[in-house]
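In what follows, a structure is listed as structure tokens, so that the remarks can point back to it.
Note: hydrogens, waters and symmetry copies are ignored here, and every other heavy atom, side chains too, is used. Whatever order the structure lists them in is the order used to number ligands and atoms, beginning at 1. Residue numbers run from 1 in the order of the sequence given.
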Amino acid sequence: MDLSVRIGNLTLKNPLIAASGCFGYGVEYADVVDLSSLGAIVSKGLFLNAREGHPAPRIVETPAGMVNAIGLQGIGVHRFVDEKLPELRARRATVIVNVCGTTLDEYVEVSRILSEAEGVAALELNISCPNIKEGGIQFGCSLHGTFDVVSAVRKVTTLPIVPKLTPNVSDVASFARAAEEAGADAVSLVNTFLAMVIDVETRRPKISNVVGGLSGPAIRPIAVRMIYECRQTVKIPILGMGGIADARDALEFIIAGANAVQVGTANFVDPFIWTKVIDGIGDYLTRHNVPRVADLVGTVDTQAKDKEWISS
Ligand SMILES: Cc1cc2nc3c(=O)[nH]c(=O)nc-3n(C[C@H](O)[C@H](O)[C@H](O)COP(=O)(O)O)c2cc1C
């Protein structure tokens, strides 16, 4: 059975990836999870310099999910390269770095530094964080901004580039197309949905940033729909995520059109989720006689003659 996934010139051993911001820098989980058994891990978002993020409270639980506004707290790209990459290399992790910027030049500079470092497999360009005021989502909510960031980073790296798209737009597929036209090797989606939670007794927002990003199973059907729309529009690989909590969820994304999947919030519920998802995908392929996971991508049958399933 072949679980491998191609992203540009990179081959992942399987389609399961730890999502950015939900798996630290990877090293924090190294004693609990065999990092080399994952298709890849995505680091927490990194700017050029360290950031403190927003004051607490920064997360709140919601029905079937959570709202967060961490504010991209991070150690900055230089400390990541010096302090985290050596251990990630030693653990044989496939490392995708989540690149942030407040300006186009910052995306380019962080990407350049990471391209010269040893042990970075790909760059995920975070143009979709809803929780910071400058940069980020402003690029991701503009077709020109998306195109410009991807094409500027394209000029300084041979690593696969994977812009991470925001779901907070009306036509996400047009953003995937802009990314593809600018030279992206893949797109990842979805980042979190803009959301708000209020404590009615105090009449105050439950997180300090007032608004934040919704993640977890609550967003899954919307994310699946967005993956499906992007699959109809672009040829490049799609890394799909949004509320995946078991192998069936992961398979749903793959059948909708994702070449690989990322798991974020579910890792907070069950840090041992990883082997269960990989094994579950393997079992499914065996049961359905599908030799390669790649053969399953985008195979949703929307033309079925027998429409009884629609009401079931
Ligand atoms: C606490 C938290 C921190 C996050 N930090 C980042 C980040 O630094 N960069 C990024 O691109 N996405 C970040 N995300 C978004 C996730 O990577 C993912 O896109 C989103 O949560 C949807 O997947 P999920 O429902 O499996 O969590 C974060 C999400 C959470 C919950």
* To do: Ignoring angles and geometry beyond distance, decide whether G243 reaches within less than 3.5 Å of ligand 1 through its nitrogen or oxygen atoms.
  => yes

* **Distance from atom 15 (C) of ligand 1 to nearest protein heavy atom, with residue and atom** => N191 OD1, 3.4 Å

* Any N/O pair T192/ligand 1 closer than 3.5 Å -> no

* Structure fact -> Exactly one of T166, N191, T192 clears side-chain hydrogen bond (donor to acceptor under 3.5 Å, both in side chains) with S128, and that residue is N191

* Asked: Considering distance alone, does some N or O of I70 sit under 3.5 Å from an N or O of ligand 1?
  -> no

Enumerate donor-acceptor pairs with a distance under 3.5 Å from any side-chain N or O in residues 74-82 to protein atoms, sequence neighbours excluded.
residue: R79; atom: NE; partner: E83; partner atom: OE1; Å: 3.3
residue: R79; atom: NE; partner: E83; partner atom: OE2; Å: 2.9
residue: R79; atom: NH2; partner: E83; partner atom: OE1; Å: 3.2

* Asked: If you measure from each heavy atom of V190 to ligand 1, is any distance below 4.0 Å?
  -> yes

* To do: May I ask you to check if ligand 1 and G216 share an N or O to N or O distance below 3.5 Å?
  => yes

* **Selection residues 252-265 - residue pairs positive for side-chain hydrogen bond (donor to acceptor under 3.5 Å, both in side chains), sequence neighbours left out** => E124-Q262, S215-T265, R231-N259

* Structure fact -> Quick look: T265 vs ligand 1, heavy-atom contacts under 4.0 Å, and the answer is both

* Taking only heavy atoms of L72 into account, list the atoms of ligand 1 that are under 4.0 Å away from them. => 7 (C), 8 (O)

* Structure fact -> Within 4.0 Å of some non-hydrogen atom of M241, the atoms of ligand 1 are 18 (C), 19 (O), 23 (O)

* Asked: If you measure from each non-hydrogen atom of A266 to ligand 1, which part falls under 4.0 Å: side chain, backbone, both or neither?
  -> neither

* Over 12 non-hydrogen atoms of neighbours within 6.0 angstrom of CD in Q232 -> yes

* To do: Ignoring hydrogens, just give me the one of C100, G65, S215, G71 whose non-hydrogen atom is nearest atom 21 (O) of ligand 1.
  => S215

* Is ligand 1 under 4.0 Å from a heavy atom in the side chain of N98, in the backbone, in both, or in neither? -> side chain

* **Sub-4.0 Å atoms of ligand 1 with respect to non-hydrogen atoms of C22** => 29 (C), 30 (C), 31 (C)

* **Atoms of ligand 1, numbered as shown, that sit under 4.0 Å from any heavy atom of G45** => 8 (O)

